[in-house]
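Every number for a ligand or one of its atoms is a count from 1 in the order of the listing. Side-chain atoms are counted along with the backbone in the values below, which use heavy atoms only and exclude waters and symmetry mates.
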Amino acid sequence: MEGKSSAYYLSMASWCDKEGYSTSADFLYRHSEEERQHMLRIFGYINDAGGHALQPVIDEIPYDFKNLREIFELILEHEISVTQSINDLVDHCFGIRDFATFHFLQWFVAEQREEETLARRALELFDIIGEDGVGLWTIDQEIGKLESFAQKPGPAGDTGDVPPA
Ligand SMILES: [Fe+2]
Ligand SMILES: [Fe+2]
C-alpha cells in the first residue's frame with residue numbers, strides 16, 4: 001500500500017503539473033518520494049528479520065482527475081484505507097505476540113495520523129477559501145504551507161517517532 005501511495009501521488013503530481021497547479025505538484029512529487037521511503041522502511045524490516053520483501057505489483061493507478069479538490073478527496077480516502085491496513089497489521093502482531101513488529105509499526109501509526117490530518121487540512125482550504133476567481137490559485141499556494149503544519153511537533157516529546165525502548 002505504501003508503494004501504491006507513491007505511484008498514486010506521482011500520478012496526481014503529474015496531473016497538477018500539467019494543469020498549472022505547480023505548488024500542489026511539488027507537494028505531491030515530494031509526497032510520492034516519502035511514500036517510497038515508507039515502503040523501503042518495511043522492505044528493510046522484513047529482510048533484516050530473515051524474510052524476503054517483494055517488489056509489489058502496482059496497477060490501476062488513475063491518470064486523470066476531475067479537479068484539484070478531487071485529488072485531495074482521493075488522498076484522504078486512500079490514507080484512511082492505509083490507516084486501516086496498518087491497524088490490521090498492528091492488531092495481528094498483538095494477537096500473535098510479535099511485539100517486535102508491533103513496536104516497529106508504531107512509527108506508521110503516528111505517521112498515518114499526520115497524513116490524515118494533512119489531507120483534512122487541505123480539503124478545508126477549499127471550503128474556507130472557495131474555488132471561484134483567484135480561489136484555486138490561492139488554495140494551490142496554501143497547500144505548499146501544509147507540510148510545515150503537519151510536521152509541527154505535538155505535545156512535549158511527541159516527535160512522531162517511535163520512542164526509544
Ligand atoms: Fe505512507
Ligand atoms: Fe501516506
For this session: Could you name each residue pair satisfying side-chain hydrogen bond (donor to acceptor under 3.5 Å, both in side chains) that touches residues 44-66, not counting sequence neighbours?
Result: Tyr45-Thr101
For this session: For the residue pair Arg41 and Gln37, establish whether any side-chain heavy-atom pair is separated by less than 4.5 Å.
Result: no
Exercise. Would Tyr29 end up clustered with Tyr8 when hydrophobic side chains under 4.5 Å apart are linked, directly or stepwise?
Worked result: no
Problem set entry | Shell of protein N/O/S atoms around the Fe ion (ligand 1), taken as anything under 2.8 Å | Glu2 OE1, Glu35 OE1, His38 ND1
For this session: With sequence neighbours left out, write down each residue that passes side chain to side chain donor-acceptor pair (under 3.5 Å) with Tyr9, or none if nothing qualifies.
Result: Glu79
Problem set entry | Side-chain donor/acceptor of Ser11 to backbone N/O of Ala7, under 3.5 Å | no
Exercise. How would you list, by chain and number, every residue that makes a ring pair (Phe, Tyr, Trp, His ring centres under 6.0 Å) with Phe43, sequence neighbours excluded?
Worked result: none
